[in-house]
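One structure below.
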2 protein chains.
Amino acid sequence: MNIFPASVQQLIKSFMYLPGIGPKSAERMALYLLGRYPAKGKTLADSLSTALEKVSYCLRCRHFSEKELCVICSDSTRDERLLCIVETASDLSAMEQSGGYNGYYFVLMGRLSPIDGVGPEELGLTVLLSQLASEKRVHEVILATNSTIEGEATAYFLVDQMKTLGLKVSRLANGVPLGSELEYMDKGTLTCALDQRHIFES
Amino acid sequence: MNIFPASVQQLIKSFMYLPGIGPKSAERMALYLLGRYPAKGKTLADSLSTALEKVSYCLRCRHFSEKELCVICSDSTRDERLLCIVETASDLSAMEQSGGYNGYYFVLMGRLSPIDGVGPEELGLTVLLSQLASEKRVHEVILATNSTIEGEATAYFLVDQMKTLGLKVSRLANGVPLGSELEYMDKGTLTCALDQRHIFES
């Protein structure tokens, strides 16, 4: 017997859709909003509905946007010679928070994965390549797909495509994350860090 | 400059209302639903609205319910001589999942906290005491408020109230949680475990 009424059970199940949320946390969230903060619950339900309704994708870079062009593509102060290709809007957000990049982006909304039916078309590459070929503003394309097998495969695929357009193509460095200890690094990462080591100019 | 459209920013802020969710997780949740699972997002928004609308409290025990009486109070197979008093519906859920209890409950929906304006009236004690006095079904009241300062204070207050009705009152044992090591126990817990030790009958 479930001790909660049907609508509460359904709510707990729905909270479990969220990434990283198991049954315990989902129950906690549901009871927290219902029991103590119904007004906050109402706000959450409303903002979720509103966002789902209003938010679409930027026609240029496929980042989330309520208008045709997203805030980044509408920002003319950025360096138009740089284009950074990321897998998701979360990755874009991480890059922006690093503060080290001031160019434009392109969001693949995924990675190459033939087994899931995700090919170049699904990643918007046709649009991107024709943009790059016609506008000729971008000098360097930075491949910032994840350092996973799928991300690397996607990057290698992109290198070939970009090279045919005669563009400079780069990839984020692999190496030891700041603040971490060599002792705990895996072999692959250390090998990459060695291979990609930089030399102090004398 | 925020890189997300206004409705996405609002959604991220709303997710931060949830217990244990900081800005990073909130962003992850928002982008996950918007970008990959809009249908699940819709379901979450709808179930939250529905639950907020439908769910009220059981007139008898103050547990969540869509009807006058909750599923537990409507279940006549339970032991009507036992009443367990808990602070919240989450605590009730934890007690039920333990499988060790088969009586009825009363949910205080809080704990005594004069500084926040929470007195006996807010905890529904007037209703509870008159129920207990008139029905005379309950033989033992188990106080299962938390082992925090507020929970203990609430339990001591309840002991006095229940004693005036001539009821047997008990409190959950304090001691070493199963699976944990003495080495890591705090002094208070160990003292309680010693005080409340049980003797093996020969």
Side-chain angles (χ1 to χ4, degrees), chain A residues 1-8 10-15 17-21 25 27-38 40-57 63-67 70-72 75 88-90 92-93 96-97 105 107 109-110, chain B residues 1-8 10-15 17-21 25 27-38 40-57 63-67 70-72 75 88-90 92-93 96-97 105 107 109-110:
Chain A
M1 189 193 68
N2 195 302
I3 54 163
F4 294 114
S7 55
V8 179
Q10 174 56 44
L11 178 58
I12 294 174
K13 231 188 270 173
S14 304
F15 270 125
Y17 291 155
L18 295 172
I21 301 303
S25 308
E27 182 184 303
R28 188 161 158 241
M29 288 173 169
L31 300 184
Y32 177 89
L33 290 182
L34 288 175
R36 295 173 58 188
Y37 299 102
K40 288 185 176 176
K42 178 90 179 54
T43 312
L44 174 56
D46 291 347
S47 6
L48 186 48
S49 302
T50 311
L52 283 164
E53 219 169 85
K54 278 196 181 175
V55 174
S56 179
Y57 300 105
H63 179 40
F64 289 118
S65 179
E66 290 173 8
K67 305 188 192 133
C70 72
V71 273
I72 295 178
D75 177 3
T88 63
S90 309
L92 186 157
S93 169
E96 278 297 294
Q97 279 166 35
Y105 291 91
V107 183
M109 303 206 290
Chain B
M1 187 195 68
N2 195 301
I3 55 162
F4 294 114
S7 56
V8 180
Q10 175 56 43
L11 178 57
I12 294 174
K13 231 188 270 172
S14 304
F15 270 125
Y17 291 153
L18 295 172
I21 301 301
S25 308
E27 183 185 302
R28 189 161 157 243
M29 288 173 169
L31 301 185
Y32 176 87
L33 291 182
L34 289 175
R36 294 174 58 187
Y37 299 104
K40 287 184 176 177
K42 178 89 178 54
T43 311
L44 173 56
D46 291 348
S47 5
L48 187 48
S49 302
T50 310
L52 283 164
E53 219 169 84
K54 277 197 181 173
V55 174
S56 178
Y57 299 104
H63 179 39
F64 289 118
S65 179
E66 290 173 8
K67 306 190 191 130
C70 72
V71 272
I72 294 178
D75 177 4
T88 62
S90 309
L92 186 158
S93 170
E96 278 296 294
Q97 278 166 37
Y105 290 92
V107 183
M109 303 206 290

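Convention: sequence-line order gives letters A, B, ...; per-chain numbering from 1.
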Legend entry - Best-contacting candidate, A:Leu18, A:Val8, A:Ile21, against chain B by heavy atom pairs under 4.5 angstrom: A:Leu18
Legend entry - Student check: side-chain heavy atoms of B:Arg36 and A:Thr88 closer than 4.5 Å: no
Legend entry - Portion of B:Glu53 that has a non-hydrogen atom of chain A nearer than 4.5 angstrom: neither
Inset, instruction - Identify which part of B:Ser90 has an atom lying under 4.5 Å from any heavy atom of chain A, answering side chain, backbone, both or neither. - result: both
Legend entry - Taking every non-hydrogen atom, the tightest pair across A:Tyr32 and B:Tyr17: CE2-O, 3.2 Å
Inset, instruction - Using a cut-off of under 4.5 Å on heavy-atom pairs, state which of B:Ala30, B:Gly41, B:Ser25 scores highest against chain A. - result: B:Gly41
Legend entry - For chain B, the option from A:Ser14, A:Gly110, A:Ser49 that forms the most heavy-atom pairs under 4.5 Å: A:Ser14
Legend entry - Heavy-atom check, side chain of B:Phe4 versus side chain of A:Val55, under 4.5 Å: no
Legend entry - Gap separating the CG atom of B:Leu92 from the CD1 atom of A:Ile3, nearest 0.5 angstrom: 5.0 Å
Inset, instruction - Using non-hydrogen atoms and a 4.5 Å limit, figure out which bit of B:Tyr37 sits close to chain A: side chain, backbone, both or neither. - result: neither
Inset, instruction - Under 4.5 Å heavy-atom distance to chain A, tell me which part of B:Met109 shows up: side chain, backbone, both or neither. - result: neither
Inset, instruction - Check A:Leu48 against B:Ala45 and note the closest heavy-atom contact, atom names and distance. - result: CD2-N, 3.8 Å
Legend entry - B:Gln10 portion near chain A, given a 4.5 angstrom heavy-atom threshold: both
Inset, instruction - Please flag which part of B:Tyr57 lies under 4.5 Å from any non-hydrogen atom of chain A: side chain, backbone, both or neither. - result: side chain
Legend entry - Greatest number of heavy atom pairs closer than 4.5 Å to chain B - which of A:Ile72, A:Leu34, A:Asp46, A:Thr50: A:Leu34
Inset, instruction - Against chain A, label B:Glu66 side chain, backbone, both or neither, depending on which of its atoms sit under 4.5 Å from a heavy atom there. - result: both
Inset, instruction - Identify which of B:Leu11, B:Asn2, B:Val71 forms the greatest number of heavy-atom pairs closer than 4.5 Å to chain A. - result: B:Leu11
Inset, instruction - Please report the shortest heavy-atom distance between B:Gly20 and A:Arg28, naming the atom on each side. - result: N-NH2, 4.5 Å
Legend entry - Best-contacting candidate, A:His63, A:Lys42, A:Lys54, against chain B by heavy atom pairs under 4.5 angstrom: A:His63
Inset, instruction - Determine the minimum heavy-atom distance between B:Leu31 and A:Ala89, stating which atoms define it. - result: CD1-C, 3.9 Å
Inset, instruction - Quick one: which of B:Cys70, B:Ser7, B:Ser65, B:Ala6 has the most heavy-atom pairs under 4.5 Å with chain A, could you say? - result: B:Ser7
